[in-house]
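Everything on this sheet refers to the single structure shown next.
First listed ligand is number 1; within each ligand, the first listed atom is number 1. These figures come from a predicted structure and were not determined experimentally.
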Amino acid sequence: MRHITVNAEHQYKVHIGERFEGILNDVSQSHAKIFVLSTQYIVDTYHLEQFLHPLENSTLFIVPDGEGQKDISVLEKIWQAMGEAGLTRSDALIAIGGGATTDLGGFAAATWLRGITWYAIPTTLAAMVDASVGGKTGINSHVGKNLIGSFHSPTGVHIDLRFLNTLSDRDFSAGLAEVIKVGFIRDASLLEILQNQNTVEAARGVAEELIFRSITVKADVVSADFQESKLREILNYGHTFGHAIEKFSHYDIRHGEAVSIGLVFAAELSVKLLGLKEEVVDLHRSLLQQFALPIKTNVAFAPLLELMRSDKKARGASLRFIGLNSIGNPHWLEDVSTDVLAATYERMSI
Ligand SMILES: NC(=O)c1ccc[n+]([C@@H]2O[C@H](COP(=O)([O-])OP(=O)(O)OC[C@H]3O[C@@H](n4cnc5c(N)ncnc54)[C@H](O)[C@@H]3O)[C@@H](O)[C@H]2O)c1
């Protein structure tokens with residue numbers, strides 16, 4: 001088992017290689033009540049009820065599958081159920097699922113009684129390497145993705161690698177997009193490892209190492225800048241454009257797939273504004289395609305621009321991006337003009 005420490009508003013550990021049944025048991029021993037959030041698929045496939053049943057102090061709440069669960073209507077039902085369960089400040093929430101469930105569960109915990117303890121048990125690669133670590137929690141709304149949220153760190157992140165066995169190749173690849181992002185901004189060894197895995201199947205064989213290295217970077221960055229005053233923004237490489245695509249598709253495409261296209265956009269923008277070498281952009285494309293990730297879109301540019309303006313990273317009317325000077329060397333791009341963005345979009349679409 002491996003552990004990584006994160007220093008945020010409190011210190012906590014990410015544990016890699018645990019068994020979720022033991023975690024449920026341990027957490028239920030240290031709180032009077034536990035409130036467990038998960039999807040029907042995870043409940044059925046991993047027999048959650050069988051493990052929760054002997055725990056007399058647990059309540060199970062089933063959330064809808066996918067991005068749709070990050071919605072105020074779902075949150076309202078969770079608050080209602082928390083009230084009915086009599087959840088107090090000494091009780092805890094456990095979110096078991098992909099990034100959508102850990103984002104939603106973390107936000108439910110952040111807002112209940114002004115913040116109760118929560119634990120994350122991520123079940124997708126995206127949630128393991130990214131969403132469950134770092135304390136960003138939140139929901140979507142008609143005005144944009146993740147615009148409503150809170151920084152509220154979990155008390156523990158417990159990664160049971162067995163969950164990956166049922167994850168589709170599509171979802172595994174979506175998680176790899178975030179790993180590739182980390183490779184370009186901070187840890188080039190991730191790119192080398194992935195270059196040596198020709199297929200998604202092969203990448204699954206090195207999942208534990210990818211997870212460990214990606215979380216190590218995220219933990220370092222979050223520990224230095226928990227509330228994203230500057231450094232943490234590097235983790236948003238590829239995300240400004242990615243979020244716009246995700247929102248435009250009405251969350252039809254996976255977050256990681258949208259980020260994949262966003263990474264190519266950010267790399268092309270870096271060629272134009274920072275002199276990033278073309279061969280690094282080629283490496284973005286080849287690595288992403290190696291794992292069947294999309295590298296362009298045929299959506300018109302104007303609506304994407306409009307959506308980028310509502311991104312969290314926008315400041316007033318100016319659009320901001322994270323670019324790359326070279327691998328491992330990110331750079332903040334402020335006030336990027338619409339003309340440059342349109343030209344970049346055209347170049348990436350060829
Ligand atoms: N808070 C953060 O810092 C942060 C960082 C990155 C991403 N995110 C958020 O995470 C979400 C994307 O994460 P995601 O891709 O995990 O989304 P998700 O939770 O929607 O999961 C994707 C799909 O995988 C399925 N699934 C989950 N676990 C499974 C398993 N073990 N076996 C088979 N199928 C399984 C789900 O049912 C769903 O259909 C987005 O909402 C994104 O905004 C948050």
Stepwise side-chain contact (heavy atoms from CB on, under 4.5 Å) check, F35 with L37: CA-CA 7 Å; F35 189 89; L37 277 192; 3.9 Å; yes
T137, any N or O under 3.5 Å of ligand 1 N or O: no
Within-cut-off N or O pair, G97 and ligand 1, under 3.5 Å: no
Protein contact of atom 35 (C) of ligand 1 - nearest heavy atom, named by residue and atom, plus distance: L167 CD1, 3.7 Å
Min heavy-atom dist E246 to ligand 1 below 4.0 Å: no
Q80 side chain to E76 side chain, donor-acceptor N/O pair below 3.5 angstrom: no
N or O pair under 3.5 Å between E178 and ligand 1: no
Sub-3.5 Å N/O-N/O distance, R232 and ligand 1: no
Proximity to ligand 1 by part of H255, non-hydrogen separation under 4.0 Å: side chain
K145: numbered ligand 1 atoms lying under 4.0 Å from its heavy atoms: 40 (C), 41 (O), 42 (C), 43 (O)
Shortest protein contact, atom 27 (C) of ligand 1 (heavy atom only): T124 CG2, 3.2 Å
N/O separation below 3.5 Å, Y46 to ligand 1: no
Pair Y119-H31, ring pair (Phe, Tyr, Trp, His ring centres under 6.0 Å): steps then yes or no: CA-CA 12 Å; Y119 300 82; H31 297 274; 5.7 Å; yes
N-O pairing of E21 and R162 below 4.0 Å: yes
Region of L164 engaging ligand 1 - heavy atom pairs below 4.0 Å: neither
F163 ring center near F20 ring center (under 6.0 Å): yes
Ring pair (Phe, Tyr, Trp, His ring centres under 6.0 Å) between H239 and H255, intermediate numbers included: CA-CA 9 Å; H239 280 58; H255 174 73; 5.3 Å; yes
Sidechain-backbone polar pair: D91 side chain, K33 backbone, donor-acceptor under 3.5 Å: yes
Nearest-neighbour protein heavy atom for atom 24 (O) of ligand 1, which is reported as residue plus atom name and distance: D171 OD2, 3.5 Å
Test: R232 cationic atom under 6.0 Å from F226 six-membered ring centre, within 45° of axis: no
Test of proximity, V133 against ligand 1: N or O pairs below 3.5 Å: no
Proximal ligand 1 atoms for G98, defined as those under 4.0 Å from one of its heavy atoms: 16 (O), 19 (O)
Any donor-acceptor N or O pair under 3.5 Å, side chains S189, R213: yes
Test item: side-chain donor near acceptor, S223 and D220, under 3.5 Å: no
Part of T39 with heavy atoms under 4.0 Å of ligand 1, whether side chain, backbone, both or neither: neither
Location of contacts on I42 toward ligand 1, heavy atoms closer than 4.0 Å: side chain
Residue, atom name and distance, where the atom is the protein heavy atom closest to atom 6 (C) of ligand 1: D130 OD2, 3.3 Å
Selected option - heavy-atom contact closest to atom 40 (C) of ligand 1, from R254, Q40, E67: E67
Which residue and heavy atom of the protein sit nearest atom 8 (N) of ligand 1, plus the separation: A131 CB, 3.5 Å
Polar proximity ligand 1 side, S168 side, N/O cut 3.5 Å exclusive: no
Nearest protein heavy atom with distance in Å, relative to atom 28 (N) of ligand 1: T123 OG1, 2.7 Å
Sub-4.0 Å heavy-atom approach of G256 to ligand 1: no
Any N/O pair D103/ligand 1 closer than 3.5 Å: yes
Parallel, tilted or perpendicular: rings of H284 and F184 (30°, 60°): parallel
Option among F301, F265, F321 that satisfies the ring pair (Phe, Tyr, Trp, His ring centres under 6.0 Å) test with F241: F265
E208 and R2 ion-paired at < 4.0 Å: yes
Residue part near ligand 1, for T166, under 4.0 Å between non-hydrogen atoms: both
K218, portion touching ligand 1 at heavy-atom distance under 4.0 Å: side chain
Residue and atom name of the nearest protein heavy atom (relative to atom 39 (O) of ligand 1), distance in Å to one decimal: D65 OD2, 3.0 Å
Minimum-distance protein heavy atom relative to atom 20 (O) of ligand 1: G66 CA, 3.4 Å
Verdict with supporting geometry, D71 and N140, side-chain contact (heavy atoms from CB on, under 4.5 Å): CA-CA 6 Å; D71 188 83; N140 304 324; over 6 Å; no
Pairing of D130 and K218 as salt bridge, 4.0 angstrom limit: yes
